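Reading through the structure tokens given below for one structure.
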There are 2 protein chains.
Amino acid sequence: MQDSHSGESLLFLTDEQLRQGIEAMFFAYRGFTADPDRILAGMAYGRAHHRAVHFIARAPGTTVNNLLAILGVTKQSLNRVLRTLVEDGLVEAKIGRTDKRERNLFLTDEGAALERKLSDAQRARMRRAFRDAGPEAVSGFRQVLEAMMDSDQRRRYQALREGSK
Amino acid sequence: MQDSHSGESLLFLTDEQLRQGIEAMFFAYRGFTADPDRILAGMAYGRAHHRAVHFIARAPGTTVNNLLAILGVTKQSLNRVLRTLVEDGLVEAKIGRTDKRERNLFLTDEGAALERKLSDAQRARMRRAFRDAGPEAVSGFRQVLEAMMDSDQRRRYQALREGSK
DNA sequence: TTGGAATGTCAACAAAGCTGACATAAACTG
DNA sequence: CAGTTTATGTCAGCTTTGTTGACATTCCAA
């Protein structure tokens, strides 16, 4: 399109380009959450429950404190969500073996079923987007997103990647 | 790993890859909003005000209805935000010339100053991310995000791009 | 002139974040 | 062992931002 010979490293960073990137994030994030939101709309759960269930599925046995750090919310906020999930039998909180203060979080079968339902919907959209854009684009997508994270969030993101290799 | 015989165009679309994409969106979006959020924390405004101010700056003279469609919220929700911005003298709502039912929205100098402050912070992060990732990656980033949008949101996104060429 | 569109507003409510304070049990430390 | 710190849970209250529903006003257009 426009760039690039000499200053390709600068030329594409016009305010207009950056603004488009900002708006792309905004609109894409709506799409990103739209499908799970629709599924959850009927139930007594919301986006916060989805996030909790997602990361418990991702790292079974994780502690409350770890989940807190990943989600970046207060324990009160998380606890409200977690309590309803435990009460409803979607999540099990087992007392830690080595450290009995800790609670290790697991999905029950029912919890795993919900996670799968939400995850399937979200992955379907991601799959479509990845397929439409192609492998090259996917690589760039991830590079930019990773560069956009706060460094501590990036560490957590990378830890999750490592953990599930 | 399960799939895929049919080739590289499918090979990279494992559930694990998709899941990483999902988590990248989650963590990156936190970074994306972190800087403006920090600035707004002190004031009586929030993310919703930022969004309104952003799109009014982007398309001066836009109507309430148009803004509604872009932001994807109810008029009551937007109205609450818009009212405080008008009361505080950051936004001016001019009665439409051709259709007097419409309100054409503009930023005042003060509103433009706030918009710049928020925008500068958000662009700085985007600039860093774009620079770190490189032009190729930026292109891929935008392709994937665009593919992830709902089609109506994509139309609005593209309309904004056209409008400010 | 009447119907419908665009807008504004009131009331009530819900989701999900926040702070602050306090309780309990377990682990660690001196 | 005593005292402190850590992990977790919980109560109360507040804020932001979203929602519905109802209703008023204005005014274009058939």
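In what follows, chains carry the letters A, B, and so on, assigned in the order in which the sequence lines appear, proteins first and then strands, with residues in each chain numbered from 1. In this text the structure is predicted, and so the values were computed from the model without any measurement.
- Below 30°, between 30° and 60°, or above 60°: for A:Phe141 and A:Phe130 the angle between ring planes is above 60°, a perpendicular geometry.
- Near DNA chain C, defined here as any heavy-atom distance below 4.0 Å, the residues from residues 68-75 of chain A are A:Gly72, A:Val73, A:Thr74, listed numerically.
- Judged by distance alone, the side chains of A:Gln158 and A:Glu162 never bring a donor and an acceptor atom under 3.5 Å apart.
- In this structure, A:Asn65 reaches the D:dT8 phosphate: one of its side-chain N or O atoms is under 4.0 Å from OP1 or OP2.
- Regarding contacts with the backbone of D:dT17, a side-chain N or O of B:His49 is found under 4.0 angstrom from either OP1 or OP2.
- With hydrogens and angles ignored, no donor-acceptor pair under 3.5 angstrom links the side chain of A:Gln76 to the base of D:dG13.
- Listed by chain and number, the residues in a side-chain contact (heavy atoms from CB on, under 4.5 Å) with A:Thr33 are A:Tyr29, A:Asp37, A:Arg47 (sequence neighbours excluded).
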In 5'-to-3' order, the base (B), backbone-only (S) or no-contact (-) status of each nucleotide in nucleotides 25-30 of chain D, using a 4.0 angstrom heavy-atom cut-off, is -BBS--
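- Contacts between chain A and DNA chain C, taken as any atom within less than 4.0 angstrom of a protein heavy atom, begin and end at C:dA16 to C:dA27.
- If you run salt bridge (Lys or Arg N to Asp or Glu O under 4.0 Å) between B:Asp150 and each of A:Arg30, A:Arg38, A:Arg125, only A:Arg125 comes through.
- The phosphate of D:dA12 has neither OP1 nor OP2 within less than 4.0 Å of any side-chain N or O from A:Arg80.
- For A:Asn66 and D:dT6, the CG to P distance is 17 Å, given to the nearest whole Å.
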Under the side chain to side chain contact (heavy atoms under 4.5 Å, CB included) rule, what do B:Ser139 and A:Glu136 come out as? Steps first, then yes or no, please. CA-CA 9 Å; B:Ser139 164; A:Glu136 300 285 313; over 6 Å; no
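- Looking at residues two or more places apart in sequence or on another chain, you find a side chain to side chain donor-acceptor pair (under 3.5 Å) between A:Arg127 and B:Asp15.
- In terms of position on DNA chain C, the residue among A:Val81 and B:Arg103 whose nearest nucleotide sits closer to the 5' end is B:Arg103.
- Remark: the backbone N or O of B:Asn104 is not paired with any side-chain donor or acceptor of B:Thr63 at under 3.5 angstrom.
- When each of A:Arg51, A:Arg156, A:Arg58 is tested with B:Glu23 by the rule salt bridge (Lys or Arg N to Asp or Glu O under 4.0 Å), just one qualifies, namely A:Arg58.
- Separating the CG atom of B:Asp37 from the P atom of D:dT16 is a distance of 13 Å, rounded to the nearest angstrom.
- If you take CG of A:Leu105 and C1' of D:dA7, they are 12 Å apart, rounded to a whole angstrom.
- Just one of A:Arg161, A:Gln153, A:Arg154 meets the side-chain hydrogen bond (donor to acceptor under 3.5 Å, both in side chains) condition when paired with A:Glu146; it is A:Arg161.
- Atom CG of B:Leu78 is separated from atom P of D:dT19 by 10 Å (rounded to the nearest Å).
- Within the 3.5 Å criterion, the main-chain N or O of A:Arg101 finds a donor-acceptor partner in the side chain of A:Arg103.
- Nearest-nucleotide mapping onto DNA chain D: of A:Asn104 and A:Arg30, the residue sitting toward the 5' end is A:Asn104.
- With sequence neighbours excluded, the residues that form a ring pair (Phe, Tyr, Trp, His ring centres under 6.0 Å) with B:His49 are B:Tyr45.
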